[in-house]
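Note sheet for the following structure.
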Amino acid sequence: MILTSTARQKFLGQDLLWAQSKTANIPAMSQALTRTRFAPSPTGFLHLGNVRTALFNYLAARKFGGEFILRSEDTDAERSREEYLEALLADLSWLGLSWSAGPGHAGEPQQGSYRQSQRGTLYAEQFAKLEAGGHTYPCFCSPAELAVARKAQLAAGKPPRYLGTCRDLDGEARAERAASGRLATVRFKVGAGDSVRFQDLVRGSQRFQVADIGDFIIRRADGTPSFFFSNAVDDALMGITHVLRGEDHLSNTPRQILLLAALELPVPRYGHISMVVSDDGAPLSKRHGSTGLRELRSLGYLPLAICNHLARLGHVYEDPGFMSMEMLAKHFSLEKLGRSAARHDMAQLRHWQKEALHQFSEDDFVDWLLGKESPVREELSDLVPAKKAKEFALLVRDNVEISGDALHWAAQLCSEPMNFTAAAAEVLKAVDRSLIVAALELLDQHPDDFKALAAAVRQRTGQGGKNLFMPLRAALTGDTHGPEMARVYGFLGMPGARARLQQALALVGAGN
RNA sequence: GCUCCCUUCGUCUAGCGGUUCAGGACAUCGCCCUCUCAAGGCGGGAACACGGGUUCGAUUCCCGUAGGGAGCGCCA
C-alpha cells in the first residue's frame, strides 16, 4: 500500500503531536479525554506482568482524570474461557483497579460490547471499508503451505514473510479457488518503499520500514478478526487516547498504524513498557507460581503492597515511601517509565507487604487475618478458639508478614499437645531442670503477671536475662522467637502455661 | 536469519557532558536497643558490559563488539 498524501500528512501531524505530548507529559487536550484500557485475552490467569500493564493504564487514566476501560480480547474461541474472564475481573477489582466500562459492566455504551467476540458487526463494517478501499485481498494459502514457505525462508536466511502468493490473483482465479472449497483468510495489503514513524511514549521516535512488513492476515478463515485488526480497531472505536502495553508489541505497532490510517480512524498514542521477568530471569508465563496474581493473593499479599511494588518496576517515584493508590496515581508519570526489562524480586514485594501491614489499624489487621477475605480464615479457626481469635491476631501481629505466617503461631500457641521447633528443643535440652520446676511451682502465685513470675524464678534459680527468658520462651511457646513473653503468657493463661511447662519438662534435662 | 528494543551496586533505579572517586530504596553485613523475633536508630561493603571515537572533559553523545529481550503466526 502506498500512503496517500493526505494520510501521510496525518502521520506527520500526529508525529508532531506525539512529540509534543512526550515533552509535555500528555497534553492538556481536553483533560477528560484521556482514555486508557487494559485488554487481556481470557485464556489464563493474570501474572505480574499483565497486572503491571493494567496498573499503569489505570494510574495514567486516574492521574489525568480520565477513564480506564476493560476489554476482553476473546476472539480465539478455542482458548478463551468465561471462567478466566470472571477470574480476571475479580482479581482486578480485588487489586483496587476500578474501570469505568468493561465486560459485564452496567450501562454498556453506545459502541457495543466490551467483548470482542460480540463485536462482529462492527468489525464487518470496517472490513467492508478496507475492502472498498482496495486494501485487502483474500488469501487461499493453507496453514501447511504457509508453514513450509516460512521454513524455507528461514533456512535461506530470509525473514519469514508472506510471499504474496494470493495478492495478485485475478477474479477468475479467486472464484476458482473459492469454488474448490478452499477457505480464504483476508490479508491487508502493505505497500512498499515507505516507512512508518511514530513517537513512542516511552521509547521516543520509532521508524520502521514498510518493506519489512509482509501482508498480514486481518480476518481468519472462520471469519473472526485477528489481533492486529480487532485490537487496533477497537482502540480507535472506543476512543482510547493512550495505549500502554508490553514491549512485545513494539514492532507490531506499524501494522496497526497502517491499518488505522487505511481506515481513517484515529491513532492512539502508544507507549511500550519494558517486560517484567521473574526473579530467576525467566519470562513470566501464565502458570508461573510466584508471579501469578492469584497465588500471591492466596498467600495473603495485600493489593496495595502489590501495587506499590509493581508501580516501581520500570517506573520511578521520587518518594521511596509507601503510597496509597491515590498517591501512586498522582505521582505517576509517563516520563518516569524506564526502558529496560525489570526483574520481579520477591524480597522487594515483601518489603511493601510489611509497609502495607504497617499502615493497618488494629481493626484492619484483625479483619485481614480473620475476616471473610482471609485465605487462612478456616485453618486458623481450626486451631484458635473463636473467643480468643482477636486476641491471638493482635498478639502475633508483629510476627506476621503474610497470612500464612499466622498459621505457624497458631500451631505454636494453640495446639495440644504443643510443638517444639528444633531450636526450642535444643534450648530445653541444655537447660537445668530446676528452672522449669521452679516456674511450675511459682506459677500459682503469679497467674497473670509474667514479669512477677520471671522475677520469682530468677530469685530462686539465680538465672537472669537470656538464660532465664529463653528457656521459658522455649517451654511456653515451643519456639525460640516470637511475640513478647508477657503478652504470650497472658494469652496462654495459667492452666495453659502449666500444661506447657509440664510438656517441656519431658524434654528438659536430657543433659542432666 | 532479518528487523527492532535494552545494558549503572545482588535487585529496583537516580543520573539527561563537568558541582558525582556515581545518589536513593530493597536485600546483605556490623553496632545500638532488647527476654527472642520484628520494628526502630546508626554505620559498612557493593555498580557505570567491553572497545573505539567526539570533546578541554564522558556514566551521560556517536559507532562498533558482546550479552539479554521482542517481533517476523489463521496466539494475543
Side-chain angles (χ1 to χ4, degrees), chain A residues 39-43 73-76 78-80 116 139 141-143 146-147 150 153-162 183-187 200 203 206-209 211-214 216-228 230-231 245-255 272 274-275 277 279 281 283 309 312-321 336 338-352 354 358 396-401 423-424 427 450-451 454 464-474 477 479-486 488:
Chain A
S41 62
T43 55
E73 306 231 324
D74 54 355
T75 57
D76 184 343
E78 294 278 301
R79 300 196 301 147
S80 297
Q116 291 190 325
C139 172
C141 299
S142 71
L146 294 170
R150 241 191 318 271
Q153 285 171 309
L154 244 15
K158 299 273 186 189
R161 273 199 281 280
Y162 181 61
L183 289 175
T185 60
V186 174
R187 282 187 189 268
D200 191 273
R203 274 151 217 279
Q206 304 289 316
R207 177 184 188 160
F208 291 87
Q209 297 302 320
D212 289 339
I213 306 170
F216 54 94
I217 290 174
I218 55 173
R219 190 171 70 189
R220 304 186 189 110
D222 67 4
T224 57
S226 73
F227 166 77
F228 291 131
S230 55
N231 180 269
R245 44 159 41 163
E247 185 199 327
D248 49 343
H249 291 291
L250 181 58
S251 47
N252 286 329
T253 303
R255 287 180 171 74
H272 292 89
S274 59
M275 307 301 282
V277 295
D279 45 10
H309 175 236
R312 288 175 167 83
L313 237 45
H315 181 277
V316 204
Y317 284 100
E318 277 170 31
D319 182 353
K336 298 286 188 183
R339 285 159 294 280
S340 52
R343 197 177 283 232
H344 154 68
D345 181 4
M346 223 34 195
Q348 235 122 193
L349 209 210
R350 266 188 251 117
H351 169 252
W352 295 116
K354 285 184 206 164
H358 212 69
V396 301
R397 179 169 182 183
D398 289 337
N399 297 81
V400 167
E401 192 175 290
V427 167
F450 183 76
K451 270 192 171 170
K466 220 170 262 188
N467 292 332
L468 169 67
F469 286 96
M470 191 47 90
L472 289 178
R473 171 179 291 284
T477 71
D479 206 342
T480 53
H481 62 92
E484 213 178 305
M485 280 310 294
V488 171

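The model shown is predicted, which means the values in this text are computed figures rather than measured ones. Letters go in sequence order (proteins before strands), and every chain restarts at 1.
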Rounded to the nearest 0.5 Å, the OG1 atom of A:Thr185 sits from the CZ atom of A:Arg220 at a distance of 11.0 Å
Any strand is fair game: report the nucleotide pairing with B:A38 by Watson-Crick or G-U wobble, both distances under 3.5 Å, or none.
none
Over all strands shown, is A:His249 touching base, sugar-phosphate only, or nothing at heavy-atom distances under 4.0 angstrom?
base
Minimum-distance nucleotide to A:Asn252 side chain [options: B:C72, B:G69, B:C12]:
B:C72
From A:Asp248 atom CG to A:Ser274 atom OG, the distance as rounded to the nearest 0.5 Å:
11.0 Å
Whole-Å C1' distance, B:C6 and B:A49:
12 Å
Determine the contact category for A:Asn399: base if any of its heavy atoms lies under 4.0 Å from a base atom, sugar-phosphate if only primed atoms, P, OP1 or OP2 are that close, otherwise nothing.
base
Can you tell me the Watson-Crick or wobble partner of B:C2, both distances under 3.5 angstrom?
B:G71
Kindly point out which of B:C74, B:C35, B:U3 is positioned nearest to the side chain of A:Leu146?
B:C74
Side chain of A:Arg473 (C-beta onward), nearest among B:G1, B:U36, B:A76:
B:U36
Side chain of A:Arg339, heavy atoms from C-beta onward: which of B:C5, B:C6, B:U13 has the nearest atom to it?
B:C6
Which of these nucleotides, B:G1, B:C6, B:C74, is closest to any side-chain atom of A:Arg203?
B:C6
Take the protein atom CE of A:Met275 and the nucleotide atom C1' of B:C4, then report the distance between them rounded to whole Å.
14 Å
Tell me which nucleotide among B:G1, B:C12, B:C35 gets nearest to the side chain of A:Pro160.
B:G1
Between protein and nucleotides 25-27 of chain B, what N or O pairs are separated by less than 3.5 Å?
none

Distance check needed: B:U34 P versus A:Met485 CE, whole Å only.
19 Å
Answer yes when A:Arg203 and A:Glu247 have at least one side-chain N-carboxylate O distance shorter than 4.0 Å, and no when they do not.
yes
Taking any heavy-atom pair under 4.0 Å as a contact, classify A:Phe216: base, sugar-phosphate, or nothing.
nothing
Hunt down the Watson-Crick or G-U wobble partner of B:U54, both distances under 3.5 Å, from any strand shown, or write none.
none
Counting the atoms with a prime plus P, OP1 and OP2 as sugar-phosphate, which does A:Ser340 contact under 4.0 Å by heavy atoms, base, sugar-phosphate, or nothing?
sugar-phosphate
Quick note, A:Leu250 side chain, CB onward, closest among B:C5, B:A76, B:G71 is B:C5
Identify whether any heavy atom of A:Glu73 sits under 4.0 Å from a base atom; if not, whether one sits that close to sugar-phosphate; answer base, sugar-phosphate or nothing.
sugar-phosphate
Starting from C1' on B:A76, measure out to CZ on A:Arg79 and report it in whole angstrom.
7 Å
Can you tell me, in whole Å, how much space there is between the P of B:A66 and that of B:C42?
48 Å
Using the P atom as the point on both nucleotides, what is the distance between B:G24 and B:C61, in whole Å?
23 Å
Across all strands shown, which nucleotide pairs with B:G45 by Watson-Crick or G-U wobble geometry, both distances under 3.5 Å?
none
Return the minimal non-hydrogen interatomic distance between A:Arg473 and A:Asp479, and the atom names on each side.
CG-O, 3.4 Å
Calculate the interatomic distance between A:Leu468 atom CG and B:U34 atom P; express it in whole Å.
16 Å
Looking only at non-hydrogen atoms, find the nearest pair between A:Asp345 and A:Asp279 and report the distance.
CA-CB, 4.5 Å
Would you classify A:Leu154 as touching base, sugar-phosphate or nothing, given that sugar-phosphate means primed atoms plus P, OP1 and OP2, and contacts are heavy atoms under 4.0 Å?
base
Base, sugar-phosphate or nothing for A:Met470? Non-hydrogen atoms, less than 4.0 Å.
sugar-phosphate
Pairwise distance OG1(A:Thr75) to CZ(A:Arg219) - rounded to 0.5 angstrom
14.0 Å
B:U7: pairing nucleotide in any strand, Watson-Crick or G-U under 3.5 angstrom:
B:A66
With sugar-phosphate meaning primed atoms plus P, OP1 and OP2, does A:Arg150 contact a base, only sugar-phosphate, or nothing at under 4.0 Å between heavy atoms?
sugar-phosphate
Base, sugar-phosphate alone, or nothing: which one does A:Gly214 contact when heavy atoms must sit under 4.0 Å apart?
nothing
Which part of the nucleic acid does A:Asp398 contact within heavy-atom distance under 4.0 Å: base, sugar-phosphate only, or nothing?
sugar-phosphate
Taking the C1' atom of each, how far is B:G40 from B:A47, in whole Å?
29 Å
Value for CZ (A:Arg255) from CZ (A:Phe216), rounded to nearest 0.5 Å, stands at 6.5 Å
Pairs under 3.5 angstrom, nitrogen or oxygen only, protein versus nucleotides 59-65 of chain B, please.
none

Measure across A:Pro320 and A:Trp352 and return the closest heavy-atom pair with its distance rounded to 0.1 Å.
O-CH2, 3.3 Å
Is any side-chain N or O of A:Arg220 closer than 4.0 Å to OP1 or OP2 of B:C75?
yes
Closest contact, heavy atoms only, A:Pro254 versus A:Ile213:
CB-CD1, 3.8 Å
B:C16 pairs with which nucleotide, Watson-Crick or G-U wobble, both distances below 3.5 Å?
none
So what does A:Thr75 touch, heavy atoms closer than 4.0 Å: a base, only the sugar-phosphate, or nothing?
sugar-phosphate
Closest of B:U3, B:A14, B:C74 to the A:Phe208 side chain is B:U3
Distance, rounded to the nearest Å, where A:Ile218 contributes CD1 and B:C75 contributes P:
15 Å
Check every strand shown and say whether A:Glu401 touches a base, only sugar-phosphate, or nothing at a heavy-atom separation below 4.0 Å.
nothing
Say we look at B:U60 and B:U54: how far apart would their P atoms be, to the nearest angstrom?
15 Å
Please measure how far the P atom in B:G17 lies from the corresponding atom in B:C2, and state the result in whole Å.
35 Å
Give the minimum heavy-atom separation between A:Ala342 and A:Leu313, together with the two atoms involved.
CB-CG, 3.9 Å
Ring centres of A:His249 and A:Phe227 under 6.0 Å apart?
yes
NA contact type, A:Arg207, heavy-atom cut-off 4.0 Å: base, sugar-phosphate, or nothing?
nothing
Which whole number of Å gives the distance between the C1' atom of B:G64 and that of B:C26?
36 Å
First encountered from the 5' end of RNA chain B, between A:Lys158 and A:Val277:
A:Lys158
Is any side-chain N or O of A:Ser226 closer than 4.0 Å to OP1 or OP2 of B:C75?
no
If I take atom CD in residue A:Glu484 and atom C1' in nucleotide B:A38, what distance separates them, rounded to the nearest angstrom?
12 Å
Could you grab the distance from atom CG of A:Asn231 to atom OG of A:Ser41, nearest 0.5 Å is fine?
10.5 Å
is_close_aromatic(A:His344, A:His309), centroid dist under 6.0 Å:
yes
Selected nucleotide, minimal atom distance to A:His481 side chain, candidates B:U3, B:C37, B:U11:
B:C37
Is it the case that A:Arg187 places NZ or CZ above or below the six-membered ring of A:Tyr162, under 6.0 angstrom from the centre and within 45 degrees of the axis?
yes
Taking atom P in both B:U13 and B:U7, what distance in whole Å separates the two?
10 Å
Output the single nucleotide from B:C72, B:C12, B:C74 whose closest atom is nearest the side chain of A:Arg161.
B:C72
